[in-house]
Novice: 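Got a structure here, written out as structure tokens. Questions coming.
Everything numeric here is computed off the predicted structure, so don't read it as measured data. Just so we're on the same page: letters track the sequence lines, and every chain starts at 1.
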There are 2 protein chains.
Amino acid sequence: MAKKTPYVILGLLSEEPLDGYDIKKRIDIRFRFFWNESYGQIYPELRNMVKLGWITSESGEGKKGKTVYAITDQGRNELKTWLHLPVETESLRLEILLKMYFASIGDPALMRGHVETFLAAHQKDLMILNMFKKELETIEDPYQNHQYILSVIDFGIKTNEAYLSWSQEALHMLRSKENRDEAK
Amino acid sequence: MAKKTPYVILGLLSEEPLDGYDIKKRIDIRFRFFWNESYGQIYPELRNMVKLGWITSESGEGKKGKTVYAITDQGRNELKTWLHLPVETESLRLEILLKMYFASIGDPALMRGHVETFLAAHQKDLMILNMFKKELETIEDPYQNHQYILSVIDFGIKTNEAYLSWSQEALHMLRSKENRDEAK
DNA sequence: GGCGGCATGTAAGTTGTTACATGATTAA
DNA sequence: TTAATCATGTAACAACTTACATGCCGCC
């Protein structure tokens, strides 16, 4: 799988110039439900992209000033080219399902703990997503991209609702297994 | 994130001894909706696990015979220990959402193509999962693990249904954007 | 005066993919 | 007889994580 870090960066810079720290922060906030990047990828990649001519860097006064990156025309073209490329089939890895698959090795109470943690995490995610949605509806739409962003949020809401529904059914199943075990 | 390849292998071997090729095949079939491993990980890992004493290897006659691996008591303990460990927060990366987020850079027809492909792929997945479910209900349950496996399948069904529902809404949105563009 | 957040990076290590190589067996 | 699948690997590469290092700035 080809790396996509440069395109996340280009996408963010297509709105406005940012420094590396801001880029990381925005990825963490906006994309946290479906994407992540580490500093170890962002900073070296920024240098590389400058070398390629996809972005330019402007350093602040002296040594202390932060370095702000801006997208170039070529960068915009690269972004567009990538948008046209077929979406690579994502390889997701859900450890909780692996554990559930092998859960008969342990006892039901064990798995119940895992599912409860999973449920709590995704309840929180769902709340945040609903907040995002409300917020987005109140602010202006200068880049005419709100409908797309809303679609991404809706994806998050739908999948997280599916996670919650599954968690509740799984807990049901696990609890009835526990009761049966006690009764034996 | 610690690697989980050894535990997938242990889980499969906890049912019956297998060779490396079979292990890969079973992962591709049973876990394809939420897990994947390559030969490049499986074969070296098998050797390593033998060295650790988690599994034993028995080679067939001569050079041609295949090597069958079996789980040891220690391996069973390692598997149980891993089952108890908290589930690591999965970092999923969905390129289609990244593209949707930045879709205003291109035109709606572009994204429509991507979503249509996504929809078709997950319709197929959903069909396969439903087949799995029916099949599981007809066969015996010697390891008393069918309820757990069913729960994993249900996870797949629920999330894929969510994907389909999202795809349809997204297509709706994209088509109305296309019509508006034409009308301009 | 210290804590948290801002800001930039790197080195080392781990994990995972891809492409290739080899040869046996089996079914059309 | 030839294509597909079985079966086992490895080398090179690419991607990613983690932990650390450094220093600034503002505020309580």
Side-chain angles (χ1 to χ4, degrees), chain A residues 1-9 12-13 17-29 31-32 34-52 55 57-70 82 88-95 98, chain B residues 1-9 12-13 17-29 31-32 34-52 55-69 82 88-95 98:
Chain A
M1 265 158 281
K3 73 175 156 188
K4 286 133 204 176
T5 310
Y7 304 106
V8 189
I9 295 174
L12 289 171
L13 294 184
L18 296 166
D19 61 59
Y21 190 82
D22 273 339
I23 288 170
K24 165 74 169 146
K25 235 183 1 183
R26 295 211 177 182
I27 292 170
D28 285 349
I29 294 171
F31 304 153
R32 65 186 290 270
F34 62 94
W35 208 265
N36 67 295
E37 299 285 350
S38 62
Y39 286 123
Q41 282 171 273
I42 292 169
Y43 282 111
E45 193 57 54
L46 283 169
R47 281 178 171 221
N48 188 243
M49 290 167 75
V50 170
K51 216 167 55 188
L52 290 171
I55 57 176
S57 68
E58 183 141 8
S59 302
E61 312 292 285
K63 277 265 174 187
K64 60 197 167 134
K66 56 187 187 169
T67 308
V68 175
Y69 297 89
W82 168 75
E88 289 189 55
T89 47
E90 61 277 348
S91 66
L92 69 158
R93 293 178 136 207
L94 296 171
E95 199 191 6
L98 217 48
Chain B
M1 269 159 278
K3 72 175 157 192
K4 284 134 205 177
T5 309
Y7 303 106
V8 190
I9 295 175
L12 289 172
L13 294 184
L18 297 166
D19 60 56
Y21 189 81
D22 273 340
I23 289 170
K24 165 75 169 146
K25 235 182 359 181
R26 296 210 176 182
I27 292 170
D28 285 349
I29 294 170
F31 304 152
R32 64 186 288 269
F34 63 93
W35 207 265
N36 67 296
E37 298 285 351
S38 62
Y39 287 123
Q41 282 171 272
I42 292 170
Y43 281 112
E45 193 59 52
L46 283 169
R47 283 179 168 220
N48 189 242
M49 290 166 76
V50 170
K51 218 166 55 188
L52 290 171
I55 58 176
T56 59
S57 68
E58 185 141 7
S59 301
E61 314 290 287
K63 278 266 176 184
K64 64 205 165 126
K66 55 188 189 170
T67 307
V68 176
Y69 297 90
W82 169 74
E88 290 189 53
T89 49
E90 62 277 345
S91 65
L92 69 159
R93 293 178 133 205
L94 296 170
E95 199 192 5
L98 217 47

Novice: Can you tell me the distance, in whole Å, between the CD atom of B/Glu88 and the P atom of D/dC16?
Specialist: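 Nearest whole value for this atom pair: 17 Å.
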Novice: Would you give the length of the straight line joining atom CD of A/Glu90 to atom CG of B/Leu98, rounded to the nearest 0.5 angstrom?
Specialist: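 One finds 12.0 Å between CD of A/Glu90 and CG of B/Leu98.
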Novice: With sequence neighbours left out, what residues match A/Leu52 under side chain to side chain contact (heavy atoms under 4.5 Å, CB included)?
Specialist: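 A/Leu52 satisfies side chain to side chain contact (heavy atoms under 4.5 Å, CB included) with A/Asn48, A/Trp54 once adjacent residues are dropped.
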Novice: Mind checking what makes salt bridge (charged side-chain N to carboxylate O under 4.0 Å, His left out) contact with B/Glu95, not counting sequence neighbours?
Specialist: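 In terms of salt bridge (charged side-chain N to carboxylate O under 4.0 Å, His left out), with neighbours along the sequence ignored, B/Glu95 is linked to A/Lys4, B/Lys99.
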Novice: Roughly how far apart are B/Gln41 CD and B/Ile9 CD1, rounded to 0.5 Å?
Specialist: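 The CD1 atom of B/Ile9 is 9.0 Å from CD of B/Gln41, to the nearest 0.5 Å.
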Novice: End-to-end bend of the helix from C/dG1-D/dC28 to C/dA28-D/dT1 (five-pair axes, 10° rounding)?
Specialist: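 Angle reported: 30°, given to the nearest ten degrees.
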Novice: When rounded to the nearest 0.5 angstrom, what distance separates NZ in A/Lys66 from CG in A/Asp19?
Specialist: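 Between A/Lys66 NZ and A/Asp19 CG, I get 4.5 Å after rounding to 0.5 Å.
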Novice: Would you say a side-chain N or O of A/Ser38 is under 4.0 Å from OP1 or OP2 of D/dC16?
Specialist: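 So the side-chain polar atoms of A/Ser38 never come under 4.0 Å of the phosphate oxygens OP1 or OP2 of D/dC16.
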Novice: Would you mind reading off the distance between A/Asp22 atom CG and C/dG9 atom C1', rounded to a whole angstrom?
Specialist: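 Those two atoms, CG and C1', are 16 Å apart.
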Novice: Measure from CD1 on B/Ile23 to C1' on D/dG9 and round the result to the nearest Å.
Specialist: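 Rounded to the whole Å, the gap is 14 Å.
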Novice: Kindly say if A/Asn36 contacts the phosphate of D/dT17, meaning a side-chain N or O under 4.0 Å from OP1 or OP2.
Specialist: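 True: A/Asn36 side-chain N/O within range (under 4.0 Å) of D/dT17 OP1/OP2.
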Novice: Can A/Glu45 and A/Thr5 be counted as having a side-chain donor-acceptor contact under 3.5 angstrom?
Specialist: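 Note: A/Glu45 and A/Thr5 side chains miss the donor-acceptor criterion.
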Novice: Atom CG in A/Leu18, atom OH in A/Tyr69: separation rounded to 0.5 Å?
Specialist: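 Here the interatomic distance stands at 11.5 Å.
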Novice: Should the pair B/Tyr43 and B/Tyr39 be assigned to parallel (<30°), tilted (30 to 60°) or perpendicular (>60°) ring geometry?
Specialist: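 It falls in the parallel class, under 30°.
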Novice: When the nearest nucleotide of DNA chain D is assigned to B/Val68 and to A/Thr5 on a heavy-atom basis, which residue is associated with the more 5' position?
Specialist: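 Closer to the 5' end of DNA chain D: B/Val68.
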Novice: How many whole angstroms separate atom OH of B/Tyr69 from atom C1' of D/dA7?
Specialist: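 Rounded to the whole Å, the gap is 11 Å.
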Novice: Taking only residues two or more places apart in sequence or in another chain, which ones pass ring pair (Phe, Tyr, Trp, His ring centres under 6.0 Å) with B/Trp35?
Specialist: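 Ring pair (Phe, Tyr, Trp, His ring centres under 6.0 Å) list for B/Trp35, sorted by chain: empty.
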Novice: Which of residues 43-50 of chain A have a heavy atom under 4.0 Å from DNA chain C?
Specialist: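 By residue number: A/Tyr43, A/Arg47.
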Novice: Could you pull out the protein-nucleic contacts involving nucleotides 20-23 of chain C (nitrogen or oxygen on both sides, under 3.5 Å)?
Specialist:
none

Novice: Is B/Ser91 close to B/Met1 at the side-chain level, that is, under 4.5 Å between some pair of heavy atoms?
Specialist: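 Yes, side chains in contact.
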Novice: Rounded to the nearest Å, what distance is computed from the CD1 atom of residue B/Ile42 to the P atom of nucleotide D/dT10?
Specialist: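 To the nearest whole Å, that distance equals 14 Å.
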Novice: Give me, pair by pair, the N or O atoms of the protein and of nucleotides 3-6 of chain C that are less than 3.5 Å apart, along with how far apart they are.
Specialist:
{"unit_1": "C/dC6", "atom_1": "OP2", "unit_2": "A/Tyr21", "atom_2": "OH", "d": "2.8"}

Novice: Once salt bridge (charged side-chain N to carboxylate O under 4.0 Å, His left out) is applied, do any residues pair with B/Arg32, and if so which ones, sequence neighbours excluded?
Specialist: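 Expected list: B/Asp125.
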Novice: Applying side-chain hydrogen bond (donor to acceptor under 3.5 Å, both in side chains), can you list everything that pairs with A/Asp28, at least two apart in sequence or on another chain?
Specialist: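 A/Asp28: side-chain hydrogen bond (donor to acceptor under 3.5 Å, both in side chains) contacts with A/Lys24.
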Novice: Please state how far atom CD in B/Glu37 lies from atom C1' in D/dG9, giving the value in whole angstrom units.
Specialist: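 So the two atoms are 16 Å apart, to the nearest Å.
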Novice: Please give, in whole Å, the distance from D/dT8 P to B/Ile9 CD1?
Specialist: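 One finds 12 Å between P of D/dT8 and CD1 of B/Ile9, rounded.
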Novice: I need the CZ-C1' distance between B/Arg26 and D/dA7, as an integer number of Å.
Specialist: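 In whole Å, D/dA7 C1' lies 16 Å from B/Arg26 CZ.
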Novice: Could you check whether atom CD of B/Glu58 has more than 12 heavy atoms from other residues, nucleotides or ligands sitting under 6.0 Å from it?
Specialist: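 Check fails, neighbour count at 12 or below.
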Novice: Suppose we screen for side chain to side chain contact (heavy atoms under 4.5 Å, CB included). Which residues come up paired with B/Pro44, at least two apart in sequence or across chains?
Specialist: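 For B/Pro44, no residue satisfies side chain to side chain contact (heavy atoms under 4.5 Å, CB included) once neighbours in sequence are set aside.
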Novice: Compare all side-chain heavy atoms of A/Leu46 with those of A/Ile23 and state whether any distance is below 4.5 angstrom.
Specialist: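 A/Leu46 vs A/Ile23: side chains touch.
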Novice: Using a cut-off of under 3.5 Å, enumerate the N/O to N/O pairs linking the protein to nucleotides 12-15 of chain C.
Specialist:
{"unit_1": "C/dT15", "atom_1": "OP1", "unit_2": "B/Lys3", "atom_2": "N", "d": "3.4"}

Novice: Name all residues meeting the ring pair (Phe, Tyr, Trp, His ring centres under 6.0 Å) criterion together with A/Tyr21; count only those two or more places apart in sequence or in a different chain, and write none if there are none.
Specialist: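 Not a single residue meets the ring pair (Phe, Tyr, Trp, His ring centres under 6.0 Å) criterion with A/Tyr21.
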